[in-house]
Amino acid sequence: MPELPEVETIVRGLRRQVVGKTMAAVRLFWPRSIEGSAAEFHRQLKGMTVAGIFRRGKYIGVEGEDGTFFTIHLRMTGKLVRELAAPDRKHLRVQFMFSDGTALYFIDARKFGRLRLWPCRGLSCPGLGPEPLRASAVLAALRALRTMRPIKSVLLDQAVLAGIGNIYADEALFAAGIHPLRPLSSLSGKEILRVSRSAPRVLHEAIGRRGTTLRNYRSVDGRSGENQEHLNVYGRTGEPCCECGSPIERIRINSRSSHFCPGCQKKMSDAGR
DNA sequence: AACAGCACCTGTAGGC
DNA sequence: TGCCTACAGGTGCTGT
């Protein structure tokens with residue numbers, strides 16, 4: 001479900017809601033949501049006072065005052081909410097009860113989301129690329145790679161850049177005017193520069209709109225995002241492109257949908273743009 | 001190296 | 001209504 005802008009929105013909400021609170025009780029309704037020992041997870045978290053909340057890529061990190069650190073990855077349908085709405089009840093996987101009487105619920109219809117104790121303090125992780133929020137970071141990451149893989153696959157690779165998912169990869173490529181199947185190594189310097197600028201831009205814009213709500217994403221206080229009103233290609237198969245009017249096409253890349261405008265995103269290099 | 005296929009799971013939408 | 005298929009914002013494994 002959530003990509004970087006949605007996770008960032010959730011993290012900002014969590015900071016306001018749970019920092020400083022103490023977990024009086026933790027209940028695991030679906031223990032497989034916990035990676036590693038569920039018993040150990042429960043033992044470590046009970047009584048923990050939350051000192052800080054962090055984001056790294058699509059991971060949420062929660063640090064306790066005693067240095068305990070755990071992560072939450074929401075995968076496709078994970079949600080963190082303060083209030084348990086009736087339809088969410090059957091998807092409740094983990095419940096955190098705080099000593100002030102408030103609660104935080106981990107809801108996850110498809111059960112893909114994972115919580116786990118993190119071995120070290122902080123969210124350093126050797127498998128994650130840099131944050132794609134600055135053009136210079138994206139540029140450096142793309143320039144360091146030489147591969148014939150499609151640019152879309154590269155953007156989705158969390159080891160290259162951490163946080164971009166299917167929506168924002170498609171939107172960033174549309175904004176840059178680059179076809180998703182173009183091999184990275186075929187991109188000109190100017191084209192690499194365009195992607196490096198468009199990816200942070202679409203992410204920052206989406207954060208400003210508190211993310212994209214297509215189905216079940218909600219911020220911690222239950223609000224929808226607004227970025228779905230501003231998508232140019234994702235989920236718009238057959239609709240006219242806002243720039244040139246061509247019908248948006250959908251193809252499969254690495255078994256995932258890719259949406260693009262055949263008029264604005266040519267398959268061949270377009271040095272003239 | 002990089003791909004497809006499948007696994008993990010459930011819900012929803014559309015065709016018949 | 002039911003049955004079927006396809007599809008979904010993610011990641012990780014296996015085989016080729």
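The sequence lines fix the lettering, A, B, ..., with proteins before strands; numbering per chain opens at 1.
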* Structure fact -> Residues at least two apart in sequence or cross-chain that pass ring-ring contact (aromatic ring centres under 6.0 Å, His included) with A/His179, listed by chain then number, are A/Phe260
* Hey, are A/Asp88 and A/Lys79 close enough for a salt bridge, meaning a charged N less than 4.0 Å from a carboxylate O? -> yes
* To do: Determine whether A/Val50 and A/Met23 make a side-chain contact, defined as any pair of heavy atoms from C-beta on separated by less than 4.5 Å.
  => yes
* Asked: So, A/Arg82 and A/Asp221, do they make that salt bridge, N to O below 4.0 Å?
  -> no
* What does A/Asp108 touch in the nucleic acid at a heavy-atom separation under 4.0 angstrom: a base, only the sugar-phosphate, or nothing? -> nothing
* Contact residues, residues 221-229 of chain A to DNA chain B [heavy atom, < 4.0 Å] -> none
* To do: Could you list where the contact with chain A starts and ends along DNA chain B, reading 5' to 3', using a 4.0 Å heavy-atom cut-off?
  => B/dA2 to B/dG11
* Using a cut-off of 4.0 Å on non-hydrogen atoms, how would the nucleic acid contact of A/Arg32 be classed: base, sugar-phosphate, or nothing? -> sugar-phosphate
* Asked: Which residues pass the ring-ring contact (aromatic ring centres under 6.0 Å, His included) test with A/Phe106, sequence neighbours left out?
  -> none
* Using only side-chain N and O atoms of A/Lys58, determine if any of them is under 4.0 Å from OP1 or OP2 of C/dG10. => yes
* Side-chain cluster (under 4.5 Å, hydrophobic types only) that A/Ile107 belongs to, other residues -> A/Phe29, A/Val81, A/Leu84, A/Leu92, A/Tyr105
* Partner set under salt bridge (charged side-chain N to carboxylate O under 4.0 Å, His left out) for A/Lys58, not counting sequence neighbours -> none
* Asked: Quick one: hydrophobic cluster around A/Leu156, which other residues, with the 4.5 Å side-chain cut-off, linked directly or via members?
  -> none
* To do: Check the distance between C/dG10's P and A/Asn254's CG and give it to me in whole angstrom.
  => 13 Å
* Nearest-angstrom distance, P atom, C/dA6 to B/dC9 -> 22 Å
List, with names and distances, any nitrogen or oxygen atoms from the protein found under 3.5 Å away from nitrogen or oxygen atoms belonging to nucleotides 4-8 of chain C.
| residue | atom | partner | partner atom | Å |
| --- | --- | --- | --- | --- |
| C/dA8 | OP1 | A/Arg250 | NH1 | 3.3 |
| C/dA8 | OP1 | A/Ser257 | OG | 2.3 |
| C/dA8 | OP2 | A/Arg252 | NH2 | 2.9 |
| C/dA8 | OP2 | A/Ser257 | OG | 3.3 |
| C/dA8 | N3 | A/Arg110 | NH1 | 3.1 |

* Within the distance-only criterion (no hydrogens, no angle test), does the side chain of A/Asp108 pair as donor or acceptor with the backbone N or O of A/Phe112 below 3.5 angstrom? -> yes
* Asked: Does C/dG9 have A/Tyr217 stacked on its base, where the ring centres are within less than 5.5 Å and the planes differ by under 30°?
  -> no
* Mind running a 4.0 Å heavy-atom check of residues 148-163 of chain A against DNA chain B and sending the residues that fall below it, in number order? => A/Arg149, A/Pro150
* Short question: side chain of A/Arg56, backbone of A/Tyr59 - any donor-acceptor pair under 3.5 Å? -> no
* To do: Quote, to the nearest angstrom, the P distance that separates B/dG11 from C/dT11.
  => 22 Å
* To do: Starting at atom CG of A/Asp170, determine the distance to atom P of C/dG9, rounded to an integer number of angstrom.
  => 9 Å
* Asked: Would you say A/Ile72 and A/Phe41 are hydrophobically clustered, going by side-chain heavy atoms of ILVMFWY under 4.5 Å?
  -> yes
* **Whole-angstrom distance between B/dA2 and C/dG9, as gauged at atom C1'** => 24 Å
* Secondary-structure string, 5' to 3', Watson-Crick or G-U under 3.5 Å, | for another-strand partners, for DNA chain C -> .|||||||.|||||||
* Cluster check A/Val18, A/Leu74: I/L/V/M/F/W/Y, side chain < 4.5 angstrom -> yes
* Can you list every pair that meets ring pair (Phe, Tyr, Trp, His ring centres under 6.0 Å) and has a residue in residues 183-211 of chain A, with sequence neighbours left out? -> none
* Any A/His73 side-chain N or O less than 4.0 Å from OP1/OP2 of C/dG10 -> no
* Asked: Linking I/L/V/M/F/W/Y whenever any side-chain heavy atoms sit under 4.5 Å apart, do A/Val154 and A/Leu181 land together?
  -> no
* **Interatomic distance at P, C/dC7 relative to B/dG5, whole Å** => 13 Å
* Asked: Can a salt bridge be assigned to the pair A/Arg149 and A/Asp157 using a cut-off of 4.0 Å between side-chain N and carboxylate O?
  -> yes
* To do: Scan residues 223-241 of chain A for pairs that pass salt bridge (Lys or Arg N to Asp or Glu O under 4.0 Å), counting only residues two or more places apart or in two chains.
  => A/Arg210-A/Glu226, A/Arg236-A/Glu239
